[in-house]
K.L.:
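I have a structure here, written as structure tokens, and I will follow up with some questions on it.
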Amino acid sequence: METAGSLEYYRGRWPEATVPEGESEWVLYEISRERDAVLRAVDLYSDGRVTRNSIEIEQRHGDDCPSLIDCSLDEGFADADLIPIDRDEFEQHWERGTDEPFWFVR
């Protein structure tokens, strides 16, 4: 069983200087190295919108979703410039977000 202390939190900006329309400027990640998985993510948009997703949200209708990325953490974040953040910062944005699944949209 994972504990809150075993989870890691990061912030990553869109990789190019210009963020394409409809894409988030920042993404916050909650990851578990034990499970090699992104457990939750928060998208922050330049217009102030905040959306969120999680394994739990994706699995609401019985779908299997072991991670919010479809590869290992090492592979998925190999070229990402991630900034460590604390759990409180992640949770503040998580609470403001609206659910937006992207794997199993119904």
K.L.:
If we only count heavy atoms from C-beta on, is the E34 to S6 side-chain gap below 4.5 Å?
P.N.:
yes
K.L.:
Could you measure the distance from the CZ atom of F77 to the SG atom of C71? Nearest 0.5 Å is fine.
P.N.:
8.0 Å
K.L.:
Could you measure the distance from the CG atom of L82 to the OH atom of Y9? Nearest 0.5 Å is fine.
P.N.:
15.0 Å
K.L.:
Distance from E8 atom CD to L39 atom CG, nearest 0.5 Å?
P.N.:
10.5 Å
K.L.:
What is the minimum heavy-atom distance between E89 and L28, and which atoms define it?
P.N.:
O-CD2, 4.4 Å
K.L.:
Distance-only, no hydrogens or angles: does the S24 side chain make a donor-acceptor pair with backbone N or O of V27 under 3.5 Å?
P.N.:
no
K.L.:
Measure the spacing between CZ of R33 and CG of L7 and express it to the nearest 0.5 Å.
P.N.:
11.5 Å
K.L.:
Got a salt bridge between R40 and E91, using NZ or NE/NH1/NH2 to carboxylate O under 4.0 Å?
P.N.:
yes
K.L.:
Nearest heavy-atom pair of A37 and P66: which atoms, and what distance?
P.N.:
CB-O, 3.5 Å
K.L.:
More than 12 heavy atoms of other residues, nucleotides or ligands under 6.0 Å from CD of E56: is that the case?
P.N.:
no
K.L.:
As an exercise, state the distance from CD of E23 to OG of S46, rounded to the nearest 0.5 Å.
P.N.:
11.0 Å
K.L.:
With a 4.5 Å heavy-atom cut-off, do Q92 and D86 have their side chains touching?
P.N.:
no
K.L.:
For the pair E58 (side chain) and F102 (backbone), establish whether a donor and an acceptor sit closer than 3.5 Å, ignoring hydrogens and angles.
P.N.:
yes
K.L.:
Any side-chain heavy-atom pair from V50 and W94 closer than 4.5 angstrom?
P.N.:
no
K.L.:
Go through the structure and list residues passing side-chain hydrogen bond (donor to acceptor under 3.5 Å, both in side chains) with D99, not counting sequence neighbours.
P.N.:
R52, R60
K.L.:
Ignoring hydrogens and geometry, is there a side-chain-to-backbone donor-acceptor pair from S67 to V38 under 3.5 Å?
P.N.:
yes
K.L.:
Classify the side-chain pair W14/E16 by whether it contains a donor and acceptor separated by less than 3.5 Å.
P.N.:
yes
K.L.:
For L73 and S32, work out which heavy atoms get closest and say how close.
P.N.:
CD1-O, 3.6 Å
K.L.:
Applying side chain to side chain contact (heavy atoms under 4.5 Å, CB included), run through E100 and D43 and close with a yes or a no.
P.N.:
CA-CA 10 Å; E100 190 170 292; D43 288 285; 5.9 Å; no
K.L.:
Does NZ or CZ of R87 fall inside the cone over F90's six-membered ring, less than 6.0 Å from its centre and within 45° of the axis?
P.N.:
no
K.L.:
Just by distance, do the side chain of Q59 and the backbone of C65 share a donor-acceptor pair under 3.5 Å?
P.N.:
yes
K.L.:
Can you find a heavy atom in the side chain of Y10 that is under 4.5 Å from one in the side chain of I31?
P.N.:
yes
K.L.:
At what distance, to the nearest 0.5 angstrom, does CG of D63 lie from CD1 of I55?
P.N.:
13.0 Å
K.L.:
If we only count heavy atoms from C-beta on, is the R96 to R49 side-chain gap below 4.5 Å?
P.N.:
no
K.L.:
How far apart are the C-alpha atoms of L44 and R11, what are their side-chain angles, what is the distance that settles it, and do they pass the side chain to side chain contact (heavy atoms under 4.5 Å, CB included) test?
P.N.:
CA-CA 10 Å; L44 306 176; R11 171 191 292 256; 4.1 Å; yes
K.L.:
Would a 4.5 Å heavy-atom cut-off, applied to side chains only, mark R13 and V19 as touching?
P.N.:
yes
K.L.:
Any heavy-atom pair between the side chains of N53 and L68 that's under 4.5 Å?
P.N.:
yes
